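Chain identifiers are assigned alphabetically (A, B, ...) following the order of the sequence lines, protein sequences preceding nucleic acid strands; residue numbering begins at 1 within each chain. Just so it is clear, the model here is predicted, and its values are computed rather than measured.
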Amino acid sequence: MKTKFLVLILGALALSLFLSGCATGLTPSSWPGIAVDAETAYAASAAHVYAVSLENGSELWRFPEKADAKKSFFAAPVLTPDGQLIVGGYDHILYSLNPQNGQVNWEFAAGRDRWIGSVLVANDLIYAPNADYTLYALNLKGELQWKFQARQSLWSAPVTDGQRIYLGSLDHKVYALDARSGKSVWEKSLTGAVLSSPLLGSKGQLYVTTFGGDLFSLETTKGTELWKFATPSFIWGQPALNAWKLYFGDADGNFYALDASYGAKNWSVQPNGPILGTPLVVGDLILFGTESGELVAVNTQGKNVWTQTVGGKLYGPPIAGGNLILVAPVENQALLSAFDLTGTQKWAFTPAKK
Amino acid sequence: MWDTLIVTPLTNVLLWIYQIFGGNFGLAIILFTLLIRLVTHPLTAQQIKSSQAMQEMQKSKKWLDIQKKYKDDKEKLAQEQMKLYKELGVNPLGSCLPTVIQIPIIFGLYQSIMLALASSPLQLLTLTRSVYAIFDTPALLPLNSRFLWMNLSQPERIMLPFLGDFGLPLLAIIVALTTYIQSKLTMPPPANPGDQSAMMGRMMGVYMPFLLGYFALTFASGLSIYFIASNVAGIVQYALMGKADWRSLLPAAMKGAAKKK
């Protein structure tokens with residue numbers, strides 16, 4: 001009997017430690033989100049939001065100053081025209097920070113789940129998607145104006161043409177809402193969850209990627225399908241559009257260039273490892289990261305220009321900041337690495353332990 | 001190895017049940033728990049049998065004589081006890097071994113539930129790679145994590161107007177209550193109420209409901225659904241085997257009155 005109870009107590013303690021470990025997130029649950037202004041990069045990564053100097057990669061401030069087990073951040077922060085830095089946390093709170101020093105301006109705590117996607121700031125409103133299936137529209141003081149309910153979690157920022165906002169959801173749908181009132185204008189069912197933001201073309205098309213492995217082109221008035229391009233795997237990231245070409249990668253590691261008008265494939269390459277992040281187009285270079293930790297630069301014909309091994313896994317998009325390209329791998333010592341357009345590393349930022 | 005042998009198969013069984021029963025993940029957890037209970041029934045039955053054999057042995061004259069005779073010589077007492085175990089064919093670990101075997105199942109089950117819920121991008125990526133090819137993954141994922149009033153990937157609270165900002169943790173209360181009832185019904189009365197093992201038994205009866213209640217309060221409510229389903233299934237299992245001692249739920253004074261009648 002005594003042995004049995006000892007085993008039970010030890011088992012209960014082990015269970016307690018095990019479950020605690022799972023809940024406090026010993027491993028990251030997403031990849032870092034990055035935003036930049038003229039001089040600073042802002043990286044939301046696990047316990048903190050960091051402000052890092054673009055010049056030399058030094059830390060300017062971090063929020064919160066001391067890690068709090070209940071707080072973690074992965075959604076890319078967004079700067080507002082009136083000088084706020086909006087970032088959502090996994091603690092269900094949307095924060096407005098002062099980008100100069102990381103002090104909190106206001107908090108919006110009505111979200112009932114994690115803030116996984118970034119916000120869209122337009123029309124003097126903050127459109128904030130939450131994993132509780134709700135898109136919250138706030139004014140710039142953080143006061144709720146209206147909300148819209150989808151049928152599944154919202155993990156990506158909406159986009160806007162000024163009149164409407166277009167929102168992808170994990171419920172396999174894309175929604176068009178009136179930008180002022182949040183009233184639904186149309187909704188369109190697609191072949192899988194929409195994990196990243198739709199992309200607006202200049203002639204009223206909407207490009208949407210799905211977990212079902214398709215890239216859809218929809219017209220924006222009614223959501224009618226114009227064309228569809230199918231890949232053999234799933235697509236996570238938003239496509240990039242440049243000179244009527246669409247660039248995107250899939251989870252099988254294929255990287256595609258399509259004609260944006262008809263969806264015809266121009267070329268595809270398969271560098272090394274799944275491609276989840278949105279590509280970045282800088283001049284004639286198209287840059288993207290791979291799960292194998294490589295930052296790849298190809299030209300508009302798909303020819304490899306350079307490949308730089310960053311380390312870790314590159315799930316997020318490369319971001320342009322000044323003359324630099326920033327990437328934030330997961331499972332890597334450095335949180336942020338900066339490269340120039342020739343692929344030479346300029347600096348790497350590893351947060352100091354405090 | 002752990003993921004391949006335990007977590008991934010359990011997750012796929014969970015997904016299979018989810019798919020069959022109309023995309024209701026709460027129901028899938030309940031049915032999955034019942035399935036696990038059914039599969040581990042032989043272990044539970046053996047545990048009860050061993051526990052009873054042990055209890056009967058501890059009430060026997062031989063056992064009590066040994067206790068008295070060697071009360072001042074612990075080593076000799078242990079030797080004689082082992083002899084008696086052998087003589088009566090009782091395995092001293094027989095009642096705890098099934099519990100030990102079930103601990104990895106609980107670990108695996110929790111990991112499976114959390115993996116299947118995939119409430120963050122990296123979890124969804126991991127889940128995608130864990131799903132067997134028989135499933136239409138894009139159509140199946142992500143799972144619907146809503147069940148009744150709960151989001152199964154979040155700790156549960158009920159917000160009532162008269163409670164203001166305080167959320168009532170109803171599931172945590174039910175978890176603690178069902179754990180208490182199960183332990184009271186299934187724990188046999190000790191042969192020697194004053195000894196150390198009886199004391200530990202009483203402690204466990206109090207400690208476990210609080211511990212599991214705390215888990216339910218803190219962790220994803222999908223886990224609470226598992227605890228409640230498992231407790232209720234355990235109670236029914238014991239009752240069907242005729243082993244549940246319903247009188248043990250009554251306070252001592254009422255128990256006495258019940259006996260007199």
Worksheet entry | Region of Asp132(A) in contact with chain B, defined by heavy-atom distances below 4.5 Å | both
Worksheet entry | Proximity breakdown for Ile116(A) and chain B, heavy-atom pairs closer than 4.5 Å | side chain
Worksheet item: Any side-chain heavy atom of Lys313(A) within less than 4.5 Å of one from Leu122(B)?
Response: no
Item to complete: Applying side chain to side chain donor-acceptor pair (under 3.5 Å), run through Asn144(B) and Gln152(A) and close with a yes or a no.
Response: CA-CA 7 Å; Asn144(B) 175 15; Gln152(A) 252 286 6; 4.9 Å; no
Discussion item. Between Thr210(A) and chain B, with a heavy-atom cut-off of 4.5 Å, which part of the residue counts as in contact: side chain, backbone, both or neither?
Written reply: neither
Worksheet item: Looking at Thr128(B), Asp136(B), Thr126(B), Thr137(B), which one has more heavy-atom pairs under 4.5 Å with chain A than the rest?
Response: Thr128(B)
Worksheet item: Which distance, rounded to the nearest 0.5 Å, do you find between the CZ of Arg112(A) and the CZ of Arg157(B)?
Response: 15.0 Å
Worksheet item: Relative to chain A, which segment of Leu140(B) carries a heavy atom at a distance below 4.5 Å: side chain, backbone, both, or neither?
Response: neither
Worksheet, complete the sentence: Okay, Phe234(A) and chain B: the region with an atom under 4.5 Å from a heavy atom over there is side chain
Discussion item. Rounded to the nearest 0.5 Å, what separates atom CG in Leu170(A) from atom CG in Leu141(B)?
Written reply: 9.5 Å
Worksheet item: Measuring from Leu125(B):CG to Ser30(A):OG, what's the distance to the nearest 0.5 Å?
Response: 10.0 Å
Discussion item. Can you give me the closest heavy-atom contact between Tyr133(A) and Ser145(B), atom names plus distance?
Written reply: OH-OG, 3.9 Å
